[in-house]
Amino acid sequence: MASNSAEPRVRIGIVTFPGSLDDRDAARAVARAGAVPVRLWHDEGALRGVQAVWLPGGFSYGDYLRSGAIARFSHVMDSVADAARGGMPVIGVCNGFQVLCESGLLPGALTQNAHMRYRNRPAPLRVESTNTAWTSAYRQGAQIVIPAKHKDGRFQADASTLEMLEDQNRVVLRYLDNPNGSVHDIAGITNAEGNVVGMMPHPEHAIDQLTGPSTDGRGILASVLSHVHSGATA
């Protein structure tokens, strides 16, 4: 899982908002992949020389108003948005996905699960697109298992946005047993450039067979490390 020791270690920023839960797990996953986790604080704009950014799961600012709605106004998100538009790889996991949608970096919205209950279980997924900075290490059509744990994970978008996502191959991951009622079984999407990805399941909880249902989450980090080492910008 570790990167080539002859290559400089990639610095991946992990943002902590008030209420973040999975920032430490994300940092651990980044370190296990051989990269350098760089902790970024919500109220500071400096990205500290990182080459990619991870917005973790949790309940940013208590998820008051609605999930991710306040985090989008945090100081660090101004810098993250600028970097993303410049081609820096950015991933939002669970609450991070909600922040990306609220920020306008990804289309659509995440609403309360159709069954109105919190759901926490391994989620079988199909990799629909490997044309992103975060999924290139997977095989197209591969079936993987990554834990999902959320109450506001139901992806929704209007008909024209869904048509655009499907036509442009921007659905990255699709549920095989849709746990929340997401339209088109969507578990993850990307922006047009492929450098920004949002996904509800948690790859940071699927890097060690001892503690996760699989090690399939390693592919997310292997992809972005390869992307950065290749010199690609988007």
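Only a predicted model underlies this, so the values are computations on that prediction, with no experimental measurement involved. Heavy-atom basis, side chains included; hydrogens, waters and symmetry copies ignored. We count residues from 1, following the sequence as given.
Judged by distance alone, with hydrogens and angles left aside, the side-chain atoms of Asp185 form no donor-acceptor pair with the main-chain N or O of Asp177 at under 3.5 Å. A side-chain donor-acceptor contact under 3.5 Å links Ser129 to the backbone of Asn131. Not a single donor-acceptor pair under 3.5 Å links the side chain of Ser103 to the backbone N or O of Ala81. Trp134 places no side-chain N or O within donor-acceptor distance of the main-chain N or O of Ala222, the cut-off being under 3.5 Å. Side-chain atoms of Ser136 never come within 3.5 Å of backbone atoms of Ala133 as a donor-acceptor pair (strictly under, hydrogens ignored). Formation of a donor-acceptor pair under 3.5 Å by the Asp216 side chain with backbone atoms of Val145 is found in this model. A donor-acceptor contact shorter than 3.5 Å links the side chain of Arg9 to the backbone of Gly34.
Within 6.0 Å of OH in Tyr118 there are more than 12 heavy atoms belonging to other residues, nucleotides or ligands. Enclosure of atom CZ in Arg121 by more than 12 non-hydrogen atoms of other residues, nucleotides or ligands within 6.0 angstrom is indicated. Atom CD of Glu163 sits in a sparse spot, with 12 or fewer heavy atoms from other residues, nucleotides or ligands closer than 6.0 Å. Residue Arg119 qualifies as enclosed at atom CZ: its count of foreign heavy atoms under 6.0 Å is above 12.
Looking only at atom types and distance, the side chain of Glu44 has no donor-acceptor partner in the side chain of His75 under 3.5 Å away. With 3.5 Å as the limit, one finds a donor-acceptor pair spanning the side chains of Asp63 and Asn95. Between Ser223 and Ser226, the side chains place no donor N or O within less than 3.5 Å of an acceptor N or O (distance only, hydrogens not considered). Checking Tyr175 against Asn180 by side-chain atom types alone, a donor-acceptor pair falls below 3.5 Å. Between the side chains of Thr130 and Gln140, at least one donor N or O lies within less than 3.5 Å of an accepting N or O.
Between Gln112 and Arg154 there is no side-chain heavy-atom pair separated by less than 4.5 Å.
The two residues Asp23 and Thr16 come nearest to each other via the heavy atoms OD2-OG1, 2.7 Å. Nearest heavy atom pair, residue Thr215 against residue Gln209, reads CG2-N, 3.6 Å.
Note on ring orientation: taking the six-membered ring where Trp is involved, the planes of His42 and Phe17 are tilted (angle from 30° to 60°).
With respect to the salt-bridge test (charged N to carboxylate O, under 4.0 angstrom), the residues Arg174 and Glu166 qualify. Between Arg28 and Asp208, at least one side-chain N (NZ, or NE/NH1/NH2) sits under 4.0 Å from a carboxylate O, which counts as a salt bridge. Salt-bridge check for Glu193 with Arg85: failed, with every basic side-chain N at 4.0 Å or more from each acidic carboxylate O. Salt-bridge formation is detected for the pair Asp22/Lys149: a Lys NZ or Arg NE/NH1/NH2 atom is positioned less than 4.0 Å from an Asp or Glu carboxylate oxygen.
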Verify side-chain contact (heavy atoms from CB on, under 4.5 Å) between His184 and Val171, making sure each step is shown before the conclusion.
CA-CA 9 Å; His184 292 204; Val171 177; 6.0 Å; no
